[in-house]
Amino acid sequence: MSATMHHLNRIVAALVAVVMFSLPAAASDSARLDGLFDALETAETPAEARRVARDIEHALAQSGSPAMDLLLKRGNGALEAGDSEEAIGHFTALTDHAPDFAEGWHMRAVALARAGLYGPALADVERALSISPRDFNAIYSLGAVLKEVNRPDMAYEAFSRVLEIHPHHEAARAALDRLGPEIGGRDL
């Protein structure tokens, strides 16, 4: 066996080991997240719901890569500083390098919406929700963008879905209260 083939076999064996050892962690992370979502849905007090929601948000913001986490942090910092263009750049790098990381798509959608780019924002939030369909913050973002593009009925549905997942989500409740008169009690 040539040295190149031997080296390639060792690389393949190492990759298989990495994948195999990461599978139980991914399964346990998924089970933990399922438990958190169940706890959020049944939380009896707003304080309990906020605590569980923070745990969910923390879990959803973990990419598994320090480099990707840094891009997320930098993008969030740019958003907080009001620099949507810089945020879009960081989040685009994040989505390019970690296309299965829902929070990257969600946060880029937020940055795009703040820049007034609602079509691309809708596409990104749709991508985020295809990866993480119970992400109540991404669903809330969907509702906010739908409201901006004058689709109050669809926004109302999105905010209602947020409350199904997170019954104590104050911003979604306030958005529904504001939209109620606008949709005039029409059947959705």
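What you see below is based on every heavy atom in this structure, not just the backbone, and it leaves out hydrogens, waters and symmetry mates.
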### Message
Could you check whether any side-chain N or O of His168 sits under 3.5 Å from a backbone N or O of Ala43, counting only pairs where one atom can act as donor and the other as acceptor?
### Response
yes
### Query
Would you say the side-chain atoms of Asp69 pair up with the backbone N or O of Ser63, donor to acceptor, closer than 3.5 Å?
yes
Report the residues that fulfil side-chain contact (heavy atoms from CB on, under 4.5 Å) with [X], sequence neighbours left out, ordered by chain and then residue number.
| X | result |
| --- | --- |
| Ser132 | Leu60, Ala102, Asp135 |
| Pro167 | none |
| Asp100 | none |
| Glu164 | Arg161 |

[X]: which residues meet the salt bridge (charged side-chain N to carboxylate O under 4.0 Å, His left out) condition with it, sequence neighbours left out?
| X | result |
| --- | --- |
| Arg178 | none |
| Asp55 | Arg51 |
| Arg50 | Glu170 |
| Arg134 | Asp34 |

### Message
I'd like to know if Ile131 and Val125 are part of one continuous hydrophobic network [Ile/Leu/Val/Met/Phe/Trp/Tyr, side-chain heavy atoms within less than 4.5 Å].
### Response
no
### Summary
With sequence neighbours left out, the residues meeting side chain to side chain donor-acceptor pair (under 3.5 Å) with Glu48 are none
### Task
To the nearest 0.5 Å, tell me how far Leu36 CG sits from Glu41 CD.
13.0 Å
### Message
Taking transitive links into account, so neighbours of neighbours count too, which hydrophobic residues share a cluster with Leu70 at under 4.5 Å side-chain distance?
### Response
none
### Task
Give me the other members of the hydrophobic cluster that Leu71 sits in, counting Ile, Leu, Val, Met, Phe, Trp and Tyr linked by side-chain heavy atoms under 4.5 Å, directly or via other members.
Met68, Leu72, Leu79, Phe91, Leu94, Phe101, Met107, Val110
### Side chain to side chain, Glu126 and Leu142, heavy atoms closer than 4.5 Å
no
### Query
Please, which pairs that meet salt bridge (Lys or Arg N to Asp or Glu O under 4.0 Å) have at least one residue in residues 102-117, sequence neighbours excluded?
Arg108-Asp124
